[in-house]
Amino acid sequence: MPALKPPVWSALPAELAAFWTEYHLCTLSTLDRHGAPHAVPVGATLDLDGGCAWIITRRGSQKVRNLARDPRLTVTQVDRGRWASLVGTGEVREDEESVARACALYAARYRPPTPNPERVAIRVGVERILGSAQVLPGG
């Protein structure tokens, strides 16, 4: 399985960068209070300029509570035989700038999110990227 560890954001393979602009939902996996995986569908976006990924969610969600206890996470995207996983840590951000950045990237990839006063952003600090050979050729 090809891997980039750590990713060099300015030099991501074109296939990988393109894959993360296509319309695909992802699965966010965090650890619940018992240490078991908690996997939920999310929209996730790469921020090549910021060297991270973003997820928007609601302040009181289970994923936010899980990340407060243990920041480790994996975000996975699958399209038939193509797949990629971002492995790292999540930081819940409530500041206006982070939420606006995450929402703008989400709107560009999916659709403009509906207003939500409980919205927060999860900044994904990516430590490694795993993927199929179709998106990480020679990885």
Side-chain angles (χ1 to χ4, degrees):
M1 146 185 31
L4 293 176
K5 184 181 175 182
V8 178
W9 293 96
S10 61
L12 287 185
E15 296 88 347
L16 179 68
F19 185 48
W20 282 90
T21 63
E22 297 171 11
Y23 189 105
H24 299 291
L25 288 179
C26 302
T27 302
L28 169 65
S29 298
T30 58
L31 299 173
D32 72 14
R33 68 177 191 256
H34 304 292
H38 174 256
V40 294
V42 295
T45 58
L46 284 188
D47 184 347
L48 298 179
D49 294 332
C52 65
W54 293 96
I55 296 166
I56 57 174
T57 190
R58 185 180 48 82
R59 179 176 288 113
S61 69
Q62 185 65 51
K63 58 186 137 321
V64 166
R65 292 194 305 269
N66 289 347
L67 291 170
R69 276 191 306 276
D70 187 331
R72 293 178 293 170
L73 57 70
T74 300
V75 181
T76 301
Q77 174 173 282
V78 178
D79 177 46
R80 299 179 187 248
R82 297 183 307 154
W83 65 273
S85 291
L86 311 175
V87 181
T89 57
E91 177 187 357
V92 178
R93 295 203 174 168
E94 298 187 27
D95 64 282
E96 189 175 319
E97 184 178 335
S98 294
V99 173
R101 177 76 178 155
C103 285
L105 290 167
Y106 182 95
R109 183 171 188 195
Y110 299 104
R111 60 176 168 69
T114 57
N116 181 347
E118 293 296 310
R119 178 163 291 126
V120 295
I122 299 171
R123 184 187 184 280
V124 178
V126 181
E127 296 166 8
R128 63 190 164 128
I129 301 174
L130 308 172
S132 62
Q134 297 94 324
V135 298
L136 282 177

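Here, residue 1 is the first one in the sequence, and each next residue gets the next number.
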(request) Decide side-chain contact (heavy atoms from CB on, under 4.5 Å) for Val87 and Thr74; before the verdict, give the C-alpha distance in whole Å, the side-chain angles of both, and the deciding distance to 0.1 Å. (result) CA-CA 5 Å; Val87 181; Thr74 300; 4.1 Å; yes
(request) Applying side-chain contact (heavy atoms from CB on, under 4.5 Å), run through Glu22 and Arg82 and close with a yes or a no. (result) CA-CA 12 Å; Glu22 297 171 11; Arg82 297 183 307 154; 2.6 Å; yes
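Just one residue in the list Asp32, Val42, Leu73 forms a side chain to side chain contact (heavy atoms under 4.5 Å, CB included) with Lys63, and that residue is Val42.
In the hydrophobic clustering of ILVMFWY residues, with side-chain heavy atoms under 4.5 Å counting as a link, Tyr23 and Ile55 come out apart. No path of Ile, Leu, Val, Met, Phe, Trp and Tyr side chains, each step under 4.5 Å between heavy atoms, connects Val64 with Leu31, placing them in separate hydrophobic clusters. Cluster membership check: Val124 does not share its hydrophobic cluster with Val99, using side-chain heavy-atom separations under 4.5 Å among Ile, Leu, Val, Met, Phe, Trp and Tyr. A single hydrophobic cluster is not seen to contain both Leu105 and Leu25; linkage of ILVMFWY side chains at heavy-atom distances under 4.5 Å, directly or through other members, places them apart.
Atom CZ of residue Arg65 and atom CG of residue Asp70 lie 15.0 Å apart, to the nearest 0.5 angstrom. The CG atom of Asp49 sits 5.5 Å away from atom CZ of Arg101, with the distance rounded to the nearest 0.5 Å. Summarising the geometry, atom OG1 belonging to Thr76 is positioned 7.5 Å from atom CG belonging to Leu86; distances are rounded to the nearest 0.5 Å. Put simply, CG on Asp79 and NE2 on His24 are 4.0 Å apart, with the number rounded to the nearest 0.5 Å. The line from CZ of Arg119 to OG1 of Thr114 is 5.5 Å long, rounded to the nearest 0.5 Å. Atom CZ of Arg93 and atom CD1 of Ile122 lie 12.0 Å apart (nearest 0.5 Å).
When atom types are taken as modelled, the side chain of Ser61 and the backbone of Arg58 share a donor-acceptor pair closer than 3.5 angstrom. The backbone N or O of Ala44 sits less than 3.5 Å from a side-chain atom of Tyr110, completing a donor-acceptor pair. Looking at Arg123, its side chain never comes within 3.5 Å of a backbone N or O of Val92 through a donor-acceptor pair.
In this structure, the side chains of Cys103 and Trp54 stay at 4.5 Å or more apart for every pair of heavy atoms. Val78 is not listed as a side-chain neighbour of Thr27, based on a closest heavy-atom distance of 4.5 Å or more.
Taking each heavy atom of Tyr106 and Gly43 in turn, the nearest pair found is CE1-CA, 4.0 Å. Across all their heavy atoms, Cys26 and Val75 have their closest contact at CB-CG1, 3.9 Å.
The residues Glu118 and Arg59 are annotated as salt-bridged, a charged nitrogen and a carboxylate oxygen being separated by less than 4.0 angstrom.
Remark: Arg72 CZ is loosely packed, at most 12 non-hydrogen atoms of other residues, nucleotides or ligands lying under 6.0 Å away. Other residues, nucleotides and ligands contribute over 12 non-hydrogen atoms within 6.0 Å of the CZ atom of Arg69. Annotation for Glu96: atom CD does not count as buried by contact number, only 12 or fewer foreign heavy atoms lying within 6.0 Å.
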Would you tabulate the side-chain donor-acceptor contacts of residues 10-20 under 3.5 Å, counting partners in other chains and residues two or more places apart, or write 'none'?
none

Identify every side-chain donor-acceptor pair in residues 125-134 under 3.5 Å, counting partners at least two apart or on other chains, and give the distances.
{"from": "Ser132", "atom 1": "OG", "to": "Trp83", "atom 2": "N", "distance (Å)": "3.2"}
{"from": "Ser132", "atom 1": "OG", "to": "Gln134", "atom 2": "OE1", "distance (Å)": "3.0"}

